[in-house]
Each structure stands twice: as structure tokens, then as C-alpha cells.
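Hydrogens, waters and symmetry mates play no part in the numbers below; they use all other heavy atoms, side chains included. This one's a predicted model, so the numbers in the text were calculated from it and none came from an experiment.
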Amino acid sequence: MDNIYSTPKSQVIETDKSTVPFERFSTWYVVGLSIITLSLYVPYWLYTRTKQLNGVVENTISEAFVNSVLGFYILSFAMVIPVSMYEGNTEIELLSSIVDLVANILILVWVYKFRNRLVDEIFKNRYSLGNIITFFFQIYYLQYKINEYIDESEDHLTSTVEGQS
């Protein structure tokens with residue numbers, strides 16, 4: 001006790017919250033919301049998470065790309081109306097199929113763009129995300145891996161705090 005009037009000294013633990021720009025959100029909620037909204041939650045999830053990701057990474061996903069994918073996705077849902085109105089019209093059904101195919105391919109490209117930035121700039125190659133499992137489970141797998149990373153980061157922070165006391 002050198003000086004009782006001095007400010008107390010303690011060890012400060014700094015956490016880098018910029019490395020985890022996402023909040024933990026249950027993967028089961030993502031699955032449930034996708035089912036309830038007839039998969040309209042998928043582009044919403046990608047859009048909101050891309051905005052958060054672009055805020056902390058250097059290699060951002062282009063806003064023009066995101067908007068074009070959303071446009072094709074909305075158009076593919078809107079094509080249901082003319083297909084049902086002109087049932088049996090092969091030209092409209094073919095056009096609808098092409099728009100659906102393009103929208104789904106663009107969503108898949110978006111998922112992989114998101115995945116690559118997540119692995120390279122957030123996970124810093126400490127985590128690997130499988131290509132095939134990403135293809136089949138897309139945003140559900142990404143959300144699961146984000147939650148896993150958040151949990152590990154919190155466990156590491158807890159063990160660091162406990163080790164210093």
C-alpha cells in the first residue's frame with residue numbers, strides 16, 4: 001500500500017469485438033424462419049449478415065452484386081403469378097424456370113462469397129468450412145459455424161479471465 005489516494009490498478013483484458021461482427025442466433029431459428037417464410041428468410045439472412053461482414057472486412061461483397069441477386073430472387077417469386085395465370089403456356093414456364101435457375105445460382109455464388117470472406121478475414125483460416133456441406137446446407141451451415149466461432153471466442157475469453165485471477 002504505497003499510496004492510498006492513487007487510483008486502483010487492475011489488469012485490463014481487451015477483446016477485439018470487430019473480429020466477430022455477428023450476434024449469436026440459433027441455427028434452428030434460421031431453419032424455422034426459412035420454413036415459415038417459404039425460404040424468403042434466406043436472402044434476408046444473407047443480406048443482413050453481408051452488411052455486418054462488409055463493415056469489418058477489407059474485401060467486401062459488392063452492393064451491386066447483392067442488389068442484382070435480390071432482384072432475381074424477387075423476380076423468381078413474382079413469376080409464380082404469370083405461370084399460374086397462363087397455365088400450360090410453355091414460353092412463360094420456360095422463362096420462369098430460367099429465372100429460378102439464375103436466382104438459385106446467384107444465391108449459391110453469394111453464399112460462397114460470404115463463406116470465403118468469413119474464412120479468410122474473420123476466422124483467419126483457423127476454421128475451415130467444407131465446400132460440399134456449404135453447398136447442401138448453405139446459410140444453415142454458415143450460421144452453425146458462426147455460432148461455433150462465437151462460442152469458442154467466449155470460452156477463450158472466459159478461460160483467459162479465469163487464468164488471470
Side chain to side chain donor-acceptor pair (under 3.5 Å) against Y127, all qualifying residues, sequence neighbours excluded:
E152

I'd like to know if the side chain of T134 and the backbone of Q138 have a donor-acceptor N/O pair within less than 3.5 Å.
no

Rounded to the nearest 0.5 Å, how far apart are CD1 of I92 and CE of M85?
8.5 Å

Any donor-acceptor pair under 3.5 Å from Y141 side chain to G130 backbone
yes

Taking atom CG of L94 as the centre, does the number of heavy atoms from other residues, nucleotides or ligands within less than 6.0 Å exceed 12?
yes

Test side-chain contact (heavy atoms from CB on, under 4.5 Å) applied to I61 and R117, step by step:
CA-CA 9 Å; I61 298 173; R117 277 132 182 107; 3.5 Å; yes

Let me check something: any side-chain donor-acceptor pairs from residues 21-29 under 3.5 Å, sequence neighbours excluded? List them with distances.
from : atom 1 : to   : atom 2 : distance (Å)
R24  : NE     : D151 : OD1    : 2.7
R24  : NE     : D151 : OD2    : 3.4
R24  : NH2    : D151 : OD2    : 2.9
S26  : OG     : W28  : N      : 3.2
T27  : OG1    : Y144 : N      : 3.4

Does the side chain of N59 reach to within under 4.5 Å of the side chain of D120, using non-hydrogen atoms?
no

Would you check if T60 and V57 make a side-chain contact, meaning some heavy-atom pair closer than 4.5 Å?
yes

If only side-chain N and O atoms count, and only distance matters, is there a donor-acceptor pair under 3.5 Å linking S34 with W45?
no

Taking the side chain from K145 and the backbone from L142, do they hold a donor-acceptor pair closer than 3.5 Å?
no

Decide side-chain contact (heavy atoms from CB on, under 4.5 Å) for W110 and Y73; before the verdict, give the C-alpha distance in whole Å, the side-chain angles of both, and the deciding distance to 0.1 Å.
CA-CA 12 Å; W110 190 359; Y73 204 77; over 6 Å; no

Please tell me whether R115 and N131 have a donor and an acceptor in their side chains that are separated by less than 3.5 angstrom.
yes

Is there a side-chain contact between I35 and Y41, using heavy atoms and a 4.5 Å cut-off?
no

For a quick check under 3.5 Å, do N147 and Q143 share a side-chain donor-acceptor pair by atom type?
yes

When rounded to the nearest 0.5 angstrom, what is the spacing between CD1 in I107 and OG in S76?
8.5 Å

Between S97 and E93, is there a donor-acceptor pair closer than 3.5 Å when you use the side chain of the first and the backbone of the second?
yes

For Y86, does the OH atom sit with more than 12 other heavy atoms under 6.0 Å from it, leaving out its own atoms?
no

So how far is it from L75 CG to F72 CZ, rounded to the nearest 0.5 Å?
7.0 Å

Taking the side chain as C-beta and beyond, is there a heavy-atom pair between V109 and F65 under 4.5 Å?
yes

